[in-house]
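Below, chains carry the letters A, B, ... as their sequence lines are ordered, and counting in each starts from 1. In this text the structure is predicted, and so the values were computed from the model without any measurement.
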There are 2 protein chains.
Amino acid sequence: MYGAIMSSTRKPPPATRERLVSTTQELLWERGYVGTSPRAILDRAGVGQGSMYHHFTGKSDLAQAAIRRTAEDMKESAEECLSAPGTAYDRVAAYLTRERQVLRGCPIGRMTQDRDVVQDPELRRPLDEMFGWLRGRIAEVLAEGQRRGELADGLDPVAVAATVAAVVQGGYVLARAADDTAPFDAAVRGALSLLAAQVTPGTGSDHTGPGDRR
Amino acid sequence: MYGAIMSSTRKPPPATRERLVSTTQELLWERGYVGTSPRAILDRAGVGQGSMYHHFTGKSDLAQAAIRRTAEDMKESAEECLSAPGTAYDRVAAYLTRERQVLRGCPIGRMTQDRDVVQDPELRRPLDEMFGWLRGRIAEVLAEGQRRGELADGLDPVAVAATVAAVVQGGYVLARAADDTAPFDAAVRGALSLLAAQVTPGTGSDHTGPGDRR
DNA sequence: GTCTATACGTCGATAGAC
DNA sequence: GTCTATCGACGTATAGAC
């Protein structure tokens, strides 16, 4: 992975810069953009003011690096579920039910509620790319399921993909309002039950609802 | 409505207090809690510092009044859709497709991303009550639809109600990330198509999907 | 590269005049 | 009730020593 040919562009990253980025990732998740001060980042990272302004032009530049990194991380963990073996339903279900720190919310979704982030094209771009990719990827999985005859032809992959992504993001909102993960779980359960009704009988594993239990 | 008997508890509200609350509602929607300073509120409301600390104990007290008011407003407008005549599907569809300022996001949902709000029980309570009521009300509508034979028996009203509420909240997130209302509309469209598949044939109006067009 | 010192604005709250 | 003046703390950024 760290080929000698790439050595000129793959310098060993300075530990300080690295600490700044990961600490900023944490704080942005906890407190959002406006709620995160350079001071707080430096204190937690244990570095001085000068280091930050040496490696980055300022708060937004550092935040940009942190948001990019977080978006990439989320993409990877989503892809892990969506590219798993199994039916389209199974893969979407794997994404919806994968382990999450529900009450902490989505580190990327949270950024969309931050005025300074959404208004700055450089800060918003990683969010846009991440969610755009996610909706597209889920739509692919659903469309593939249709081609395989697993899912009903009437299903609109693009629309339902947006629904699936929205259920997760909205589930976080409902859970945080209630200070309880139950609404998140309920929203996911409801979405899966509605999706299960689109599964062609006889294909893949068993997703029958409570009404069909015996 | 303003009966003489209630006159002792229904004093004419001071205009200044009123201005402070509605201005705070606006600013909380635009900038969130951490992003809204008393200074900004006072400037926009056109009142002095002293007035605010006369009517309220401080920022959080004023914010509490504003959030409560906003939550009540949202409840009313949601109830308007959900109590409309028509089938359960029609009423849920009315809620999902009602006019919204999508890119501005949900004034209540946004608060859930604010650390200071969620951590303060007094500030969080209105959010909890509002979303709790909403999920319950949608669940009622769905359950009623089932009793009337409009919706499939297998449908779980509580779970699907959470899904419906989550789709709206998540739709806002996706739309703001994209700076485009399209993902919101797609998420709603997907949810409605999935719900339409739960409608008992022959009941109520026509919700057939694209696959059934002729 | 990393540090401390400093600048200058804003934050949220209080004091006290009118 | 409403205003202005003022407070101590914190926000983001720069300067310059080491």
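Bounding nucleotides for the chain B contact on DNA chain D, 5' to 3', at a heavy-atom distance below 4.0 Å, are dG1(D) to dT4(D).
Side-chain contact, Arg124(A) with Gln119(A): no donor N or O sits under 3.5 Å from an acceptor N or O.
Here the side chain of Trp29(A) pairs a donor or acceptor atom with the backbone of Gly105(A) at under 3.5 angstrom. Looking at Thr24(A), its side chain does come within 3.5 Å of a backbone N or O of Leu20(A) through a donor-acceptor pair. Between the side chain of Asp90(A) and the backbone N or O of Gly86(A), no donor-acceptor pair lies under 3.5 Å.
Side-chain contact check for Leu142(B) versus Asp156(B): every heavy-atom pair is 4.5 Å or farther apart.
Listed by chain and residue number, Glu26(A), Glu30(A) satisfy the side-chain hydrogen bond (donor to acceptor under 3.5 Å, both in side chains) test with Arg44(A) (two or more places apart in sequence, or in another chain).
Using a 4.0 Å cut-off between charged side-chain N and carboxylate O, Asp43(B) and Arg39(B) make a salt bridge.
A heavy-atom distance below 4.0 Å to DNA chain C is reached by these residues of residues 49-64 of chain B, ordered by number: Gln49(B), Tyr53(B), Gly58(B), Lys59(B).
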